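Scroll down for the structure; my scribbles are underneath it.
The model shown is predicted, which means the values in this text are computed figures rather than measured ones.
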Amino acid sequence: MTSKTSFSWDAYNKAPIVGIIRGESIDIVREIAKSYIAAELFTIEITMNTKDADKIITMLRTEFPNLNVGAGTVCNINDYEKAVEAGSQFIVTPIIDEVVIKKAVSDNIPIFPGGYSPTEIYKAWNLGASVVKIFPATLLGPTYVKDVLAPLNKIKLLPTGGVNKDNIKSFFAAGATGVGMGSSLLNKQLIKERNFDGLTEYFKNIKSEIQEYIK
């Protein structure tokens with residue numbers, strides 16, 4: 001399956017949270033996606049180092065047409081081609097790989113490359129990034145986002161790593177246009193218990209923290 005429908009920025013802007021799924025089975029991901037939609041979250045990323053990542057991406061594209069489905073941990077052009085063939089509507093990388101970024105731009109597929117320093121962030125943006133993922137944001141925090149955006153105010157930033165319910169609002173207040181969230185969003189205990197109704201409520205509670213920043 002190749003991507004036949006484009007990434008929906010309207011859907012993304014309704015809930016600018018990228019849920020990062022890593023290491024879950026296709027059956028569990030299906031249930032997570034149901035909870036995700038029920039909570040009115042719309043953008044989800046499957047990391048390419050997840051077993052059967054391509055099959056999971058294709059399943060999500062087929063069964064959940066209202067989701068933006070992307071591939072994460074895309075580190076090289078082989079990962080990229082596999083992800084796009086599976087139907088990925090956007091690409092996320094932990095690093096700056098010029099070949100991957102330029103290919104995604106050429107293919108008109110949104111790409112969120114990972115940068116850490118202002119130089120890396122600026123380089124990724126100049127190469128054509130749709131959004132630059134600040135990774136890892138764990139130690140940098142919201143103040144770093146604000147500081148980077150002072151001189152680089154045109155760049156869209158997506159802090160990832162270290163974002164949680166307690167601090168998500170502060171990242172948006174600092175100027176982030178979205179966040180990436182893995183284990184802090186995909187509550188492991190609720191998933192282990194197969195409590196997907198509880199997971200839906202958990203998603204809703206996190207989303208409610210940024211209601212004033214949602215377009």
Give every donor-acceptor pair under 3.5 Å between a side-chain atom in residues 64-71 and any protein atom, sequence neighbours left out.
{"from": "N68", "atom 1": "OD1", "to": "S8", "atom 2": "N", "distance (Å)": "2.9"}
{"from": "N68", "atom 1": "ND2", "to": "S8", "atom 2": "O", "distance (Å)": "3.0"}
{"from": "N68", "atom 1": "ND2", "to": "T43", "atom 2": "OG1", "distance (Å)": "3.2"}

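For R194, there are no side chain to side chain donor-acceptor pair (under 3.5 Å) partners two or more places apart in sequence or in a different chain. In terms of the ring-ring contact (aromatic ring centres under 6.0 Å, His included) criterion, Y80 has no residue partners (sequence neighbours excluded). Here K146 pairs with A174 under the side chain to side chain contact (heavy atoms under 4.5 Å, CB included) rule; sequence neighbours left out. For the side chain to side chain contact (heavy atoms under 4.5 Å, CB included) test, residues two or more places apart in sequence or in another chain that qualify with N164 are D166, N167, S184. Take T93 and apply the side chain to side chain donor-acceptor pair (under 3.5 Å) test, not counting sequence neighbours, and it matches no residue. Residues that satisfy the ring-ring contact (aromatic ring centres under 6.0 Å, His included) test with F203, not counting sequence neighbours, are Y36. Shown here are the side chain to side chain contact (heavy atoms under 4.5 Å, CB included) partners of N49, two or more places apart in sequence or in another chain: R22, T47, T73. When the side chain to side chain donor-acceptor pair (under 3.5 Å) test is applied to E24, the partners found at least two apart in sequence or on another chain are K188. By the ring-ring contact (aromatic ring centres under 6.0 Å, His included) test, Y12 pairs with W9, sequence neighbours left out. In this structure, the side chain to side chain contact (heavy atoms under 4.5 Å, CB included) partners of I101, at least two apart in sequence or on a different chain, are I96, V105, I111, P113, L127. Looking at residues two or more places apart in sequence or on another chain, you find no side chain to side chain donor-acceptor pair (under 3.5 Å) involving Q211.
Counting heavy atoms of neighbouring residues, nucleotides and ligands inside a 6.0 Å radius, atom CD of E120 exceeds 12 of them. More than 12 heavy-atom neighbours from other residues, nucleotides or ligands sit within 6.0 angstrom of OH on Y116.
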